[in-house]
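Not measured: the values here are computed from a predicted model. Start at 1 and go down the list; that is how both ligands and their atoms are numbered.
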Amino acid sequence: MPRFSSLRDFSLLCLGLALLHTRSFVMAVNPIIQTRFTADPAPMVWNDTVYIFCDHDQPGAATGFNMIDWRLYSTTDMVNYVDLGSPLALTAFSWASYNAWAPQTIERNGKFYMYVAAGQSNGNMAVGVAVSDTIEGPYTDPIGKPLVATSTGNIDPTVFIDDDGQAYLYTGNPVLYYVKLNEDMISYSGVVQNVSLTTQGFGARPNFLYNAEKPTTFEEGPWFYKRNGLYYLMYAADCCPEDIRYSTSNGPTGPWQYQGLIMGEQGGCLGNHAGVIDYKNKSYFFYHNQGNSGGGQYDRSVCVEQFEYLSNGLFPTIEMTYTGAPQIGTLNPYQRVEAETMADSFGVQTQPCSLGTQNIDALEDGYWLMVQGVNFGRGSGARNWTASVASNTNGGTIELRIGSLTGTLIGSLTVPSTGGWQNWQTLSTSVSGATGVQNLYLVFRGEPGFLFNVDWWSFSK
Ligand SMILES: *[C@@H]1O[C@H](CO)[C@@H](O)[C@H](O)[C@H]1NC(C)=O
Ligand SMILES: *[C@@H]1O[C@H](CO)[C@@H](O)[C@H](O)[C@H]1NC(C)=O
Ligand SMILES: *[C@@H]1O[C@H](CO)[C@@H](O)[C@H](O)[C@H]1NC(C)=O
Ligand SMILES: *[C@@H]1O[C@H](CO)[C@@H](O)[C@H](O)[C@H]1NC(C)=O
């Protein structure tokens, strides 16, 4: 399995990713999102689906973060991700105007609570909370002020509800704080507590490049949860570049026992931020790096690896890869598939669709997307492809290919002008030769400039 263990290897990885885009066999799952730069992933399992809340690097920020909203994606197979748009933006908070940083969302009594870090006008970061009746949002600020705002370091909130119903929120860089949230999830009891950052609890710091006064490895990005009776606190450590380390405890507020490294300094980012879930009896570790084309310090991208806990519940070390997690099952093409569903893509962007959900847009000649593990079934397979399309120019053609960008052409749809970028028409074309489980490529063709938008597609037999 290809791995990278240093910054130099990472540039080889980037080359590898470029090559993969012209190769027909190995699938590059990482980074999992190509349509935007995303970071600080907070995975959440809900309704048998994995949702990934993350923040969002606006491109072209050469010298600092330019982050104004949060993004949401979902998957049921760990390979094909659906863009669910932006559930929350800084504009939802009257008290915040910059640095839309790391989120995490949790459900309680049928409502969804999204905790984020955001910048206040006094120059300090604070933890805010936003609430929604649906996981997709939109989320709104129920309290009109920050939830946790000590003088410094209120970033990277992580939240967990224990078996006895007590919810905990940890946050911090480089101090580590926690509060006990009330049952309403939008207030807390008592004072903001400091976690004592002992070397017993958090390990002796080997890297003194930044914050040399700090004796332990903890830096930021806490991720708090419980599994099989053991409490875990995972965090970005050894700033900088950061690695991911963790500590465990028999109680929700410590004392913590340092357990060491999970993921080394890889992938080229000064920072990292991990999130962990169990899904369909497998364990997954989300993080970010600079792995997308055009990636950089302020243009990060979310990745995932599958892993297995050791028999005593501890972590193995996990390496960044571009093969990512194996696919669970296959994708059914005989139902409505949102066009913003993809395992890999080139050039494709997404935007809110006037009919609801998102659509893919700004498609130009040579852009493409790939949906992995599409199950056309046995026998003669698919006979017909239907898509909802819109174009304000002369349109173009969607080529349907299997196996690779230059693989067998199973059909093509001519998209005419529809008189507007949100004037949707449902069009069909016949297809042949699509049987079995295939990687499906949608390749967009036409004259220079923007061609058309696509909202959804579906095959029929
Ligand atoms: C749960 O998932 C199913 C299948 O995707 C979907 O039909 C249903 O609407 C979802 N329920 C909620 C509450 O989101
Ligand atoms: C928490 O730690 C910070 C930084 O060391 C310190 O300024 C603050 O007084 C501490 N707060 C409490 C309640 O101990
Ligand atoms: C997970 O494991 C349990 C117990 O072994 C099993 O009953 C269940 O079917 C498994 N679920 C999936 C999705 O594989
Ligand atoms: C393709 O399927 C769609 C939706 O079922 C149907 O409306 C259309 O007539 C079919 N087209 C062809 C060429 O069979």
Side-chain angles (χ1 to χ4, degrees), residues 43-53 72-85 87-88 105-114 131-139 227-229 276-284 304 306-309 311 313 325-342 355-358 371 373-377 379-390 397-400 409-416 418 424-435 440 442 454-461:
M44 174 181 175
V45 178
W46 174 254
N47 192 23
D48 288 331
T49 301
V50 177
Y51 290 87
I52 298 126
F53 290 82
L72 178 60
Y73 300 87
S74 73
T75 185
T76 53
D77 66 10
M78 303 309 294
V79 164
N80 295 304
Y81 289 85
V82 185
D83 190 324
L84 298 176
L88 178 68
T105 301
I106 199 165
E107 182 270 345
R108 182 161 207 165
N109 297 333
K111 286 194 187 298
F112 297 86
Y113 298 89
M114 187 171 172
V131 64
S132 171
D133 291 332
T134 64
I135 194 166
E136 292 91 351
Y139 289 75
R227 186 177 186 276
N228 295 338
V276 166
I277 52 165
D278 286 342
Y279 180 61
K280 295 184 178 170
N281 292 349
K282 299 246 184 325
S283 299
Y284 296 94
V304 65
Q306 189 196 305
F307 73 98
E308 282 176 36
Y309 287 91
S311 57
Q327 186 165 9
I328 303 170
T330 55
L331 185 136
N332 174 9
Y334 302 112
Q335 60 183 0
R336 174 179 165 136
V337 179
E338 296 299 327
E340 60 275 13
T341 305
M342 62 197 88
L355 303 180
T357 73
Q358 305 285 298
V371 184
V374 175
N375 193 348
F376 290 105
S380 54
R383 281 302 176 81
N384 179 357
W385 191 67
T386 302
S388 178
V389 294
T397 304
I398 304 174
E399 293 178 358
L400 305 173
L409 186 69
I410 59 168
S412 70
L413 180 71
T414 302
V415 179
T418 63
W424 297 99
Q425 280 183 19
T426 303
L427 302 175
S428 293
T429 188
S430 60
V431 299
S432 64
T435 64
L440 172 69
L442 274 56
V454 187
D455 184 17
W456 57 266
W457 55 262
S458 175
F459 284 89
S460 52
K461 294 207 184 203

Legend entry - Over 12 foreign heavy atoms within 6.0 Å of CG, Asn47: yes

Legend entry - With sequence neighbours excluded, residues passing salt bridge (Lys or Arg N to Asp or Glu O under 4.0 Å) with Lys280: none

Legend entry - By ring pair (Phe, Tyr, Trp, His ring centres under 6.0 Å) - contacts of Phe112 (at least two apart): Trp46

Legend entry - Phe376: partners by ring pair (Phe, Tyr, Trp, His ring centres under 6.0 Å), with sequence neighbours left out: Phe459

Inset, instruction - Look only at the side chain of Glu340 and the backbone of Gln358, and say whether a donor-acceptor pair between them is shorter than 3.5 Å. - result: yes

Inset, instruction - Run through ligand 4 for me and note each protein residue having a heavy atom under 4.0 Å from it, chain first, then residue number. - result: Asn384, Thr386, Ser428, Ser460

Inset, instruction - Flag yes if more than 12 heavy atoms outside Glu308 fall under 6.0 Å of its CD atom; otherwise flag no. - result: no

Inset, instruction - May I ask you to list the atoms of ligand 1 that are less than 4.0 angstrom from any heavy atom of Asn47? - result: 1 (C), 2 (O), 3 (C), 8 (C), 10 (C), 11 (N), 12 (C), 14 (O)

